2 protein chains.
Amino acid sequence: MTGNGPSLIDVARAAGVATATAGRALGGYGQVSARTRERVLAAAAELGYRTNGLARSMITGSTQTIGVVVTDVANPFFATALSGITDVTHPAGFEVLLANTGGDLDAERRAITVMSEKRVDGVIVAAAQPGEGAHLKQAIGAGVPVVLIDRLVRGVPEADTVTIDNEHAATEAVAHLLELGHRRIGVITEAVSLVSGSRKRGLFPSAVRLRGYFEALRAAGIEPDEDLVGVARYDRGSAYDATMRLLAHAAPPTALLCTDNVLATGAYRAVQDRGLRMPGELSLIGFDDEPWTTLVRPELTVVEQPTYELGTRAGRQLLDRIADGGRPRRPHHVELHAKLVARGSTLPG
Amino acid sequence: MTGNGPSLIDVARAAGVATATAGRALGGYGQVSARTRERVLAAAAELGYRTNGLARSMITGSTQTIGVVVTDVANPFFATALSGITDVTHPAGFEVLLANTGGDLDAERRAITVMSEKRVDGVIVAAAQPGEGAHLKQAIGAGVPVVLIDRLVRGVPEADTVTIDNEHAATEAVAHLLELGHRRIGVITEAVSLVSGSRKRGLFPSAVRLRGYFEALRAAGIEPDEDLVGVARYDRGSAYDATMRLLAHAAPPTALLCTDNVLATGAYRAVQDRGLRMPGELSLIGFDDEPWTTLVRPELTVVEQPTYELGTRAGRQLLDRIADGGRPRRPHHVELHAKLVARGSTLPG
DNA sequence: CTGAAAGCGCTTACAG
DNA sequence: CTGAAAGCGCTTACAG
């Protein structure tokens with residue numbers, strides 16, 4: 001019960017004008033004489049009037065609100081992307097309705113439904129699963145523009161996308177290690193589809209990065225060794241364990257690539273605990289350039305993603321779509337480049 | 001233009017019932033026979049009907065949406081608190097309208113106004129400035145419950161608050177250092193009201209922590225030395241510079257307390273670059289226990305804030321308020337405790 | 001420039 | 001259980 005308060009009718013009555021006139025004075029549309037406007041504004045202030053955005057939106061057909069769906073706001077990656085989104089959309093007059101799915105597909109479906117019912121003008125989605133896009137397709141069908149961010153989803157060809165060139169990013173990281181002379185290069189990943197030749201070509205960043213890793217090795221004439229692939233759940237402890245297992249092998253890797261920032265914290269810790277010198281005994285590369293990567297010793301070599309820009313581009317793309325007012329147009333795909341930042345964890349020095 | 005689509009009237013017509021009946025079947029309120037419900041549901045599915053939440057909210061007086069206003073979502077502190085909020089409110093059926101103010105008071109005022117016009121059922125606010133609460137008071141007056149989080153604001157005695165016992169947190173940190181024998185204990189802070197005896201008693205965490213620092217010293221019979229207070233803007237670089245200045249003094253501190261996690265990254269780096277051994281030549285304490293604090297060597301001693309819980313408690317508090325339906329009730333104040341986690345940066349070992 | 005009327009899409013009494 | 005009517009609070013043609 002948002003304690004109703006005065007309506008436009010009350011303001012109009014107090015100002016001695018018609019509601020349509022009061023609406024024009026307060027809403028900044030149509031024509032009103034300066035004198036009338038003043039009287040209406042005075043009456044509104046006196047009564048403590050606030051526009052009912054619900055009623056307005058119902059008529060105008062626009063809520064000036066966009067939905068943003070992510071799997072985990074507490075992850076610095078999404079938090080940073082989110083700030084990129086708001087920095088672009090807020091000045092344009094749009095508010096953000098946020099949903100945190102925790103990677104649960106059902107939660108994502110519910111979020112999309114609710115946002116659609118609340119009549120958001122569009123949504124930006126970091127999907128929970130690459131295989132399931134029916135709910136997104138339905139939203140688009142209902143006239144809600146969708147921009148996919150960070151992750152591609154199968155079955156939604158109409159959606160705009162803003163992603164990072166993950167395959168190249170991984171390739172570049174491996175190339176860096178090859179150049180330094182490494183041949184036994186391991187990887188810590190949360191990708192499910194392990195097998196390099198799998199037919200289920202993954203669409204998610206971790207899967208794409210894993211593919212890049214495999215291909216870079218092959219291009220260098222090295223047959224990937226499954227013993228050098230450490231699979232972890234998406235948390236630090238699991239990455240720690242996976243790293244420890246790899247390092248305990250009879251023929252352990254001399255270099256390690258982590259496909260994500262969370263995994264990198266676990267791997268870094270494991271290498272420390274194992275007592276291996278970096279980069280002398282083991283070279284390590286992480287993903288995402290977070291503040292801590294230059295506080296550890298040695299500093300961590302990383303693949304730096306343009307995370308904030310991922311958000312700003314997605315925001316701008318959605319604003320464009322909304323401005324287009326649902327006119328059909330072919331989907332727009334933006335792919336941003338990640339950049340290798342070489343530091344002490346790989347560079348002998 | 002969210003391409004309007006079929007309305008309840010269309011569904012009712014297709015099902016051969018009155019709109020009121022169709023509404024009852026679809027909305028889950030009132031009484032409908034099973035047979036009628038089925039027919040309505042079938043018609044709705046056929047037409048691709050989706051409820052117009054705007055119209056519903058206008059009548060029910062509830063949007064099932066809360067506003068959350070923070071100064072910086074990209075800061076792990078707020079990102080984590082935010083996830084605590086959504087974890088509590090989302091299962092209760094509430095969506096989150098997010099505003100990122102960047103610490104700008106005007107942006108905060110606009111956000112509150114817009115959220116109020118969008119008829120959110122309540123707001124959780126991490127305020128930009130402690131001195132300015134008129135807009136919040138006004139929201140409360142209009143019937144929008146307000147829960148202040150992390151920071152107190154003057155002039156809004158009606159608001160619920162969920163904060164951390166910052167004075168005690170700082171006191172405990174200083175006590176730890178005193179116990180280890182330190183007498184020259186410095187502080188890196190972004191608090192503006194520097195002077196210990198200032199009459200403008202700060203309400204913000206940084207100011208309260210600074211007060212705790214001063215009082216802990218005095219309680220130990222040590223007169224605070226202004227030369228040991230390093231003031232920085234709220235960023236890593238500025239904290240780095242401030243720390244470097246302190247360490248360059250003729251009689252430098254032997255221990256340093258940082259009143260925030262961002263400042264701690266700058267200070268840690270400065271101590272490294274200065275070539276001082278921790279804790280032998282300098283002991284360091286930070287705020288907030290982030291993943292990196294156990295990756296650096298030595299590990300960082302910190303005051304660990306219950307950040308996630310700050311969010312869940314604020315969420316629950318707001319839900320309670322909303323459930324109360326605007327019935328006047330005295331404000332509720334929750335103060336959570338921070339905990340010192342002693343590690344290598346202070347413990348000789 | 002101003003006003004009277006219609007209507008956005010629902011839910012809520014009120015009858016039956 | 002079902003329906004006809006009223007109404008939530010605005011904006012939008014349509015006249016004047």
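Every chain is numbered from 1, with letters handed out A, B, ... down the list of sequences. Bear in mind that the values here come from a model prediction, so they are computed numbers and not experimental data.
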Roughly, in whole Å, what's the span from [atom1] in [X] to [atom2] in [N]?
| X | N | atom1 | atom2 | result |
| --- | --- | --- | --- | --- |
| A:R50 | D:dG9 | CZ | C1' | 12 Å |
| A:D10 | D:dC8 | CG | P | 10 Å |
| A:M58 | C:dC8 | CE | P | 10 Å |
| B:E117 | D:dG9 | CD | C1' | 13 Å |
| B:R13 | D:dG3 | CZ | P | 14 Å |
| B:I9 | C:dT11 | CD1 | P | 12 Å |
| B:R56 | C:dC10 | CZ | C1' | 8 Å |
| B:L47 | C:dG9 | CG | C1' | 15 Å |

Legend entry - Side-chain-base donor-acceptor pair under 3.5 Å for A:R119 and C:dG9: no

State which of [options] makes the closest approach to the side chain of [X].
| X | options | answer |
| --- | --- | --- |
| A:L8 | D:dC10, D:dA4, C:dT11 | D:dC10 |
| A:R24 | D:dA13, D:dT2, D:dG9 | D:dA13 |
| A:I59 | C:dT2, D:dC10, C:dC10 | D:dC10 |

Legend entry - Pair A:K118-A:T65, side-chain donor/acceptor within less than 3.5 Å: no

Inset, instruction - Return yes if a side-chain donor-acceptor contact under 3.5 Å exists between B:Y308 and B:D87, otherwise no. - result: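 The criterion, which ignores hydrogens and geometry beyond distance, is satisfied for B:D87 and B:Y308.
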
Inset, instruction - Going by the salt bridge (charged side-chain N to carboxylate O under 4.0 Å, His left out) test, name the single residue among B:K137, B:R321, B:R330 that passes it with B:E158. - result: B:K137

Inset, instruction - Select from A:T19 and B:A20 the residue whose nearest nucleotide in DNA chain C is closer to the 5' end of that strand. - result: A:T19

With respect to the phosphate group of [N], does any side-chain polar atom (N or O) of [X] fall under 4.0 Å of OP1 or OP2?
| X | N | value |
| --- | --- | --- |
| A:T21 | C:dG3 | yes |
| A:Y29 | D:dT11 | yes |
| A:T36 | C:dT2 | yes |
| A:T51 | D:dG9 | no |

Inset, instruction - Only one of A:H332, A:H333, A:E335, A:R151 passes side-chain hydrogen bond (donor to acceptor under 3.5 Å, both in side chains) with A:T161; say which it is. - result: A:H333

Inset, instruction - Name the pairing partner of C:dA13, where a pair is Watson-Crick or G-U wobble with both distances under 3.5 Å, or state none. - result: none

Legend entry - B:Y234 side chain near B:T71 side chain, heavy-atom distance below 4.5 Å: no

Inset, instruction - Just call it for A:S57: base, sugar-phosphate, or nothing, with non-hydrogen atoms closer than 4.0 Å on any strand. - result: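 Answer is nothing: A:S57 stays at 4.0 Å or more from every strand.
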
Legend entry - B:R39 or B:A55, whichever maps to the more 5' nucleotide of DNA chain D: B:R39

